[in-house]
Amino acid sequence: MPHLPPKPAAGVSRRTVARATAAAGLAVLFGAASGTARAGAATRLGPRTLDVSVPSAALGRSAPVRLILPSDFGSRPERTYPVLYLLHGAHDDYTSWTRETDIEAFTEGRDLIVAMPDAGPTGIPSVWRSGPDYETFQVKEVQALLARDYRASGVRAVAGVSTGGYGAMAHAARHPGAFKAAASFSGVLDTTAPGVPPIMDAIVARENLPAHSLWGHPLLNLLTWREFNPRAHATGLRGTALYVSQGSGVGGGSGDPLPGVLESALWPSAQGFAGTLARLGIRATTHLYSGGGHDWAYWKREFTASWPMLAHALGVPE
């Protein structure tokens, strides 16, 4: 499987100092977090990686966020950092990006925070009709926590796979200006396109959640479905750097046909979304490619392709 692009070379002295001081700085940070109710519990996973439990009014419970901190976080207490949000897909969780990619190694030496928030078992980070509000959790509560406790600046970019790709575009469209850039890899970009509502309903049903608990009935509650449709809110993306990728799924997926079938089911949705952006005169980098499958082998490749755009928006080196 392809890897994320190699990190740029860094001076030995800087890297050595950063690693040594980051460990000490994180030790202080973890001690402070464990004794502060507002920050929630933090679990250290490595020199730069930690899981934070975030008390959330929007969810009615605490929810996890995995963070990767900058290499010099412990040695530069005066600095603030831009944030790259990475959203997971359906039937997965907030650990997927560190499990499936080398994002930890890739971001070493780069001055940014990576935040991977939970979106629940369905991975649909939206305002549920009967249930939690993952949109507020990710867009407001997690951002407030990072600004308050982890020196996050107001510069943000968001990227996601599958239902996380939906979240990336929906968040950016419904909250204009909140993100400098948004990238979707095989995302659900038109929730009301033919064939898409049954896919969303199937995702909900697979987690044994009540039918229509997401946005209601696709026809009887069409206005609600439109309210959370990235394509319907495309005008909110004007001025945001965009990357949209989607495979046709024809012949996609080696061995297992399911990734190719699912990718092909979302192909018209991506085409419609890209066409709407073009008609509105909203600039976007689109990669609608033949074949492919709904899996990490393609998503990692597409992240690599989108990185220059994300890096530019975040103000960090490619």
Starting from the C-alpha separation in whole Å, work towards a yes-or-no answer on side-chain hydrogen bond (donor to acceptor under 3.5 Å, both in side chains) for Asp133 and Thr136.
CA-CA 6 Å; Asp133 180 354; Thr136 296; 2.6 Å; yes
Can you measure from [atom1] ([X]) to [atom2] ([Y]) and round to the nearest 0.5 angstrom?
| X | Y | atom1 | atom2 | result |
| --- | --- | --- | --- | --- |
| Asp72 | Asp111 | CG | CG | 5.0 Å |
| His171 | Gln143 | NE2 | CD | 9.0 Å |
| Met309 | Trp307 | CE | CH2 | 10.0 Å |
| Ser96 | His91 | OG | NE2 | 13.0 Å |
| Asp51 | Thr98 | CG | OG1 | 7.5 Å |
| Asp93 | Met116 | CG | CE | 11.0 Å |

Is it true that a side-chain atom of [X] and a backbone atom of [Y] form a donor plus acceptor pair closer than 3.5 Å?
| X | Y | value |
| --- | --- | --- |
| Arg48 | Leu69 | yes |
| Glu141 | Ala57 | yes |
| Thr240 | Ala181 | no |
| Arg151 | Tyr81 | no |
| Ser269 | Ala193 | no |
| Ser248 | Ser264 | no |
| Thr107 | Glu104 | yes |
| Trp97 | Ala115 | no |
| Thr191 | Trp225 | yes |

Minimum heavy-atom separation for [X] and [Y], please, with both atom names.
| X | Y | result |
| --- | --- | --- |
| Ala168 | Val158 | O-CG1, 3.7 Å |
| His88 | Ala119 | NE2-N, 3.0 Å |
| Ser162 | Gly89 | CB-CA, 4.1 Å |
| Pro125 | Gly167 | CG-CA, 3.5 Å |
| Ile203 | Ala90 | CG2-CB, 4.0 Å |
| Arg110 | Pro317 | NE-O, 3.4 Å |

Just do the side chain to side chain contact (heavy atoms under 4.5 Å, CB included) check on Thr285 and Ser306 with the steps written out, would you?
CA-CA 9 Å; Thr285 299; Ser306 71; over 6 Å; no
Can you classify the ring geometry of Phe303 versus Phe185 as parallel (below 30°), tilted (30 to 60°) or perpendicular (above 60°)?
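The rings of Phe303 and Phe185 stand perpendicular, inter-plane angle above 60°.
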Aromatic rings Tyr150 and Phe73: how do their planes relate, parallel, tilted or perpendicular, breaks at 30° and 60°?
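If you compare the ring of Tyr150 with that of Phe73, the planes turn out tilted.
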Is there a continuous path of hydrophobic side-chain contacts, each under 4.5 Å between heavy atoms, that joins [X] to [Y]?
| X | Y | value |
| --- | --- | --- |
| Leu209 | Ile199 | yes |
| Leu145 | Val83 | yes |
| Phe106 | Tyr94 | no |
| Val155 | Tyr243 | yes |

Would you say the side chain of [Y] lies within less than 4.5 Å of the side chain of [X], judging by non-hydrogen atoms?
| X | Y | result |
| --- | --- | --- |
| Ser186 | Val161 | no |
| Ser245 | Tyr298 | no |
| Leu214 | Phe228 | no |
| Val196 | Asp190 | no |
| Asn221 | Trp215 | no |
| Pro64 | Ser53 | no |
| Tyr85 | Leu146 | yes |

Step by step, would you call Arg301 with Thr304 a side-chain hydrogen bond (donor to acceptor under 3.5 Å, both in side chains)?
CA-CA 5 Å; Arg301 181 191 72 187; Thr304 297; over 6 Å; no
Going by salt bridge (charged side-chain N to carboxylate O under 4.0 Å, His left out), name the residues that satisfy it together with Glu227, two or more places apart in sequence or in a different chain.
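Arg174.
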Determine whether more than 12 heavy atoms belonging to other residues, nucleotides or ligands lie under 6.0 Å from atom [atom1] of [X].
| X | atom1 | result |
| --- | --- | --- |
| His312 | NE2 | no |
| Arg283 | CZ | no |
| Arg238 | CZ | yes |

Note: Arg99-Asp92 ion pair, threshold 4.0 Å (strictly below)
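Looking at Arg99 and Asp92, the cut-off is met.
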Lys300 with Glu302: basic N within carboxylate O range, under 4.0 Å
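No salt bridge links Lys300 with Glu302.
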Does a donor on one side chain and an acceptor on the other come within less than 3.5 Å for Trp267 and Glu263?
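No, Glu263 and Trp267 have no side-chain donor paired with an acceptor closer than 3.5 Å.
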Under 4.5 Å between side-chain heavy atoms, chaining through other members, with only Ile, Leu, Val, Met, Phe, Trp and Tyr counted: pull out the rest of the cluster around Met169, sorted by chain and number.
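Cluster partners of Met169: Leu189, Leu237, Leu242, Val244, Phe273, Leu277, Leu280, Ile282.
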Would you check, one step at a time, whether the test side chain to side chain contact (heavy atoms under 4.5 Å, CB included) holds for Tyr134 with Ile124?
CA-CA 8 Å; Tyr134 282 102; Ile124 304 173; over 6 Å; no
For Lys180 and Leu314: C-alpha separation, side-chain torsions, deciding distance, then whether side chain to side chain contact (heavy atoms under 4.5 Å, CB included) applies.
CA-CA 7 Å; Lys180 297 289 187 182; Leu314 292 167; over 6 Å; no
Ring centres under 6.0 Å, that's the criterion: do Trp299 and His294 meet it?
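When the ring centroids of Trp299 and His294 are compared, they turn out to be within the sub-6.0 Å range.
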